[in-house]
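These numbers were taken from a predicted model, which means no experiment stands behind them.
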Amino acid sequence: MHSNRDKEEMDSGGEIEGGGDENEFPSAVRGRKYSPVVAHDNDRAVLEMSSIDPRSSSSPYSKQDLKKVKVNMQSDVAPEGSMPNHSVNGPQRESKLELFGFDSLVNILGLKSMTGDQIQAPPSPRDGGDVSIALERPRPTAVKSGTLMGVFVPCLQNIMGIIYYIRFSWIVGMAGIGESLLLVAFCGSCTFLTTISLSAIATNGAMKGGGPYYLIGRALGPEVGVSIGLCFFLGNAVAGAMYVLGAVETFLDAVPAAGILRETVTRVNGTDIAEPITRPSLHDLQIYGIVVTILLCFIVFGGVKIINRVAPAFLVPVVFSLVCIFSGILLARNDRPAVGITGLSSESFKDNWGPAYQRTSNAGIPDPNGKIYWSFNALVGLFFPAVTGIMAGSNRSASLKDTQRSIPIGTLAATLTTSALYLVSVLFFGSVATRDKLLTDRLLTASIAWPFPAIVYVGIILSTLGAALQSLTGAPRLLAAIANDDILPVLNYFKVVDGGEPHVATFFTAFICIGCVIIGNLDLISPTITMFYLLCYAGVNLSCFLLDLLDAPSWRPRWKFHHWSLSLVGALLCIVIMFLISWTFTVVSLALASLIYYYVSIKGKAGDWGDGFKSAYFQLALRSLRSLGASQVHPKNWYPIPLIFCRPWGKLPENVPCHPKLADFANCMKKKGRGMSIFISIIDGDYHERVEDAKAACKQLSTYIDYKQCEGVAEIVVAPNMSEGFRGIVQTMGLGNLKPNIIVMRYPEIWRRENLIEIPATFVGIINDCIVANKAVVIVKGLDEWPNEYQRQYGTIDLYWIVRDGGLMLLLSQLLLTKDSFEGCKIQVFCIAEEDSDAEGLKADVKKFLYDLRMQAEVIVISMKSWEGPGEQQESIEAFSAAQGRIASYLGEMKERAERDKTPLMADGKPVVVNEQQVEKFLYTTLKLNSTILKYSRMAAVVFVSLPPPPANHPAFFYMEYMDLLVENVPRLLIVRGYRRDVVTLFT
């Protein structure tokens, strides 16, 4: 793409260090040379790539010089209005990516982060600094498998297992041909629907290790993923024991002389066959099973690569044995007649069409006194492991060339192939032998195989040992994948480094496998495996159902043949099959998964994998928000949504983002913890300069909210000053009817003590903004003394109800009573009335109103005149006199300044109108109210009082004097102002 001039310029400059041959480069860069551009001081570095032939003798660089490239980036920016130019040891050329603020390193590193490779991004050219790019020898990659060998063959090996060879003909004899076909279709439909769901999820993006655990965890969250993943691990470990027992039982049936102990002899009762039926001893199964398991573990430790190489060879005996079985069925009776073998006969087909459920011994031999009664439900549990194994391809996702193509095609092909084979086998087995033969000859497949039974024995043993080896190889890696996600701390012992062998997990898997081998009964192990596999399949179906139903923008699977209804049916089918098999096993397995889920949610580390539940919460929140609409919420549905002003004027340490008692007070405004709080803090300054400070402060505040166990969110706003920041917050915070409706802040008690003369104007401005925005206000005085949840309060909660506030003060007092710290208090409502008003009538009306509101409170009516002289409280009189003096002094200063500047009276940067008689009236009103509070509520647990609005055209300093006089000597006070709507209702 470069011209010859560009080649010459690049050949003449740059510094290249290191040695190595051309094979050390990836194929994408082999044959090209990296050369840094020497830039001017005001230029950013540009990494260019020129096409040269490293084998050419004319190249100034040898093969050993192509390893490491150093790029120096300059942080200086070109002068304003000019485009920075880049020189390449001569003529200058422009950077094509200058507009984006990045150089051509984006071409190399930009897309890798999107594919999941965590690459540390180079510093931005704005930041300056040196960047060293080392092109080292790439790690050797494993040979990738295609659809046939990577998915189809492993799935076929796992599905075609021991159940088909030594149990399927017995199932046909017990259930009959008709119900056997129903059984195969029933179980096959479950795995087929699960395969559809698996294909959709697997084609929705790149997959890592962990198989179904990875898919479920990323779709339903880490808690569900870990709980189902551990159950799936147990299923794989127990399946290994089942395969080992199957191989050992087949071997002992084929070679009876190999038995160490005496064989158990069971005579047939109620059948036409008089000959005794022999079965390997349970102790022989246990001894040989333990030995085989230990040998397989040694192979896993030392020969995993060998196992992977010879894995396709395990399928050859299976295919060959199937050919021998079907050849024997076609040649039966003609080749070598045997007792009970009728050949393909319509009579046998008719006789074997219906079921013959009966009691059997533990060995499956018909016995009227047997302990086990078989039914269709029990056969589902016995047969279902024969259709499992569809996850074998997804377990090998890391070694597939194209997971999004191979997993759907290979898994679905294996599922359909084995289902068709089972259906045909039902018809053949039901037509080739009598029912007695089907029920008594557990190895009928070997008896009818042609040319001789040994081929089937060899095929069974090799296939089951191969499947057991795969289980002992895959289960530890699944456990290691769960441990490596670092969700559950107790699994840290099973962690492995990348590319390492999970030795500890292998020991643990072998321990579980040996424990199941000691049980020695294949029919008891099989239902246990079924439950764990069905849990996994249900998780896959639920994952696809949730993702398909939500249909998030990221849900774009390449596999188009899916629908949420199919996944839902598949999940329900899995649950139904679990209960059909055994409700006891189902309850136990679900309880185990639930316990793991609960343990992970309590002890596990938080992880955000973008699971479907988060998307569901998001869409549910959007739909709920739309359903609420923009109209006013009915009082019955009104919830307080407080906006907590964290640091308006309190002097707090820098590492304390919020006053500790504000979070406690926010919890007191919720009933049983239901509701949302918004914690807000304002940082003074320019947004572009302090954006990082805001992010750090928001994270710190969020952590603090979680520590205080308060349901809420944290928001940090950067503004030139507090007033402008709050004005923007009160206008824009929230969505629809989920906007904050109560502004909560502490009273600025320190403003006079600290001589903070700017606080009055800010405080008054905030209250006025709340009134204009129609927000309720709750101001907490004495916040430092506010009790926490462990400090019990006694006495009364006194409400001085002066103005109509929509019932907010009454509602907040009732919410306080729901908290442990205030539940022992009683409510008193003080109604302030004019002296000439009907006090008794007012008291009766208030009592009736409180009764209709279902609120228990004592009503007290106090008559007073706002312009009456000072009361009896000496401390109030002293505060009143001090306030008069400060107001007079402040008013004198304003008048002197106005006369000097020949301007109207100015305060807080705007003109004011002072009516001295009105000022005295306001002072007397607050004095009388303060005296009344001290007289009746000095021992109250908390006092509520209505917030007077700031008088128009009054200086903010005057309003602060009124408020200071109102709250004087009251230790714990809530100043409340409602807004233009009711928050309580009389009606049901």
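The two residues Leu662 and Cys646 come nearest to each other via the heavy atoms CD1-O, 3.7 Å. Nearest heavy atoms, Ile716 versus Leu701: CD1-CD2, 4.0 Å. The minimum heavy-atom distance between Leu966 and Pro948, with the atom names listed, is CD2-CD, 4.3 Å. Heavy-atom minimum distance, Val600 versus Pro222: CG1-O, 4.5 Å. Nearest heavy atom pair, residue Ile759 against residue Pro748, reads CG2-CB, 3.7 Å. Minimum heavy-atom separation, Leu934 to Val970: CD2-CG2, 4.1 Å.
In this pair, Phe830 and Tyr936 present their aromatic rings tilted. The plane angle is within the 30 to 60° band.
In this structure, Gln856 places its CD atom where only 12 or fewer heavy-atom neighbours from other residues, nucleotides or ligands lie under 6.0 Å away.
Between the OG atom of Ser677 and the CD1 atom of Ile641 there is a distance of 9.5 Å, given to the nearest 0.5 Å. To the nearest 0.5 Å, atom CG of residue Leu799 and atom CD1 of residue Ile827 are 6.5 Å apart. Of the inter-residue distances, the one linking Leu947 atom CG with Met809 atom CE reads 9.5 Å to the nearest 0.5 angstrom. To the nearest 0.5 Å, the span separating CE on Met676 from CD on Glu711 amounts to 10.5 Å. How far CD of Glu823 is from CZ of Arg792: 4.0 Å, rounded to the nearest 0.5 Å. Here the OG1-CG distance, from Thr925 to Asn930, works out to 12.5 Å after rounding to the nearest 0.5 Å.
Taking Lys826 as the reference, nothing meets the salt bridge (charged side-chain N to carboxylate O under 4.0 Å, His left out) condition, with sequence neighbours excluded. Scored by the side-chain hydrogen bond (donor to acceptor under 3.5 Å, both in side chains) test, Ser937 finds Asp798, Tyr800 as partners (sequence neighbours excluded). Under the rule for a side-chain contact (heavy atoms from CB on, under 4.5 Å), the partners of Tyr598 that lie at least two apart in sequence or sit in another chain are Ser601, Ile602. In this structure Glu724 satisfies the side-chain hydrogen bond (donor to acceptor under 3.5 Å, both in side chains) test with no other residue, sequence neighbours excluded. Listed by chain and residue number, nothing satisfies the side-chain hydrogen bond (donor to acceptor under 3.5 Å, both in side chains) test with Ser946 (two or more places apart in sequence, or in another chain). Under the side-chain contact (heavy atoms from CB on, under 4.5 Å) criterion, Glu858 pairs with Gln828, Ile860, sequence neighbours left out.
Side-chain contact between Val967 and Tyr747: present, with at least one pair of heavy atoms (C-beta onward) separated by less than 4.5 Å. Phe726 has its side chain within reach of Ile743: a pair of non-hydrogen atoms, C-beta onward, lies under 4.5 Å apart. In this structure, the side chains of Leu643 and Ile742 stay at 4.5 Å or more apart for every pair of heavy atoms. Contact annotation: the side chain of Val942 approaches that of Phe822 to within less than 4.5 Å [non-hydrogen atoms, C-beta and beyond]. Leu816 has its side chain within reach of Ile797: a pair of non-hydrogen atoms, C-beta onward, lies under 4.5 Å apart. Val945 places a side-chain heavy atom less than 4.5 Å from the side chain of Leu973. A 4.5 Å side-chain heavy-atom check between Phe645 and Val744 finds every atom pair outside the cut-off. Proximity of Met722 to Phe763: side-chain heavy atoms (C-beta onward) are nowhere separated by under 4.5 Å.
Within the structure, ring-ring contact (aromatic ring centres under 6.0 Å, His included) contacts touching residues 881-923 (residues at least two apart or in different chains) are Tyr890-Phe957, Tyr890-Phe958, Phe922-His954, Phe922-Tyr962. For residues 947-970, the pairs satisfying salt bridge (charged side-chain N to carboxylate O under 4.0 Å, His left out) are Arg752-Glu961, Arg752-Asp964, Arg886-Glu961, with sequence neighbours left out. Pairs passing the side chain to side chain donor-acceptor pair (under 3.5 Å) check and including a residue from residues 692-701, sequence neighbours excluded, read Arg690-Asp693.
In terms of modelled atom types and a separation under 3.5 Å, the side chain of Lys819 and the main chain of Cys668 share no donor-acceptor contact. Using a distance-only test at 3.5 Å, with no hydrogens or angles considered, no donor-acceptor pair links the side chain of Lys739 to the main chain of Met733. The main-chain N or O of Gly885 is never found under 3.5 Å from a side-chain atom of Ser889 such that the two would form a donor-acceptor pair. No donor-acceptor pair under 3.5 Å is formed between the side chain of Arg938 and the backbone N or O of Ile933.
Test Ile975, Val764, Ile767 against Met963 for side chain to side chain contact (heavy atoms under 4.5 Å, CB included) and you get one pass: Ile975.
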Name the atoms and distances for all side-chain donor-acceptor pairs under 3.5 Å in residues 770-778, with sequence neighbours left out.
from: Asn774; atom 1: OD1; to: Arg980; atom 2: N; distance (Å): 3.0
from: Lys775; atom 1: NZ; to: Pro740; atom 2: O; distance (Å): 2.8

With a 3.5 Å cut-off and sequence neighbours excluded, list the donor-acceptor pairs that the side chains of residues 891-898 form with protein atoms.
from: Lys895; atom 1: NZ; to: Glu916; atom 2: OE2; distance (Å): 3.0

Show me the donor-acceptor pairs, under 3.5 Å and distance only, between side chains in residues 678-689 and residues at least two apart or in other chains.
from: Asp686; atom 1: OD2; to: His688; atom 2: N; distance (Å): 3.1
from: Asp686; atom 1: OD2; to: Glu689; atom 2: N; distance (Å): 3.4

Is there a side chain to side chain contact (heavy atoms under 4.5 Å, CB included) between Ser813 and Leu817 once you walk through the steps? CA-CA 7 Å; Ser813 64; Leu817 290 181; over 6 Å; no
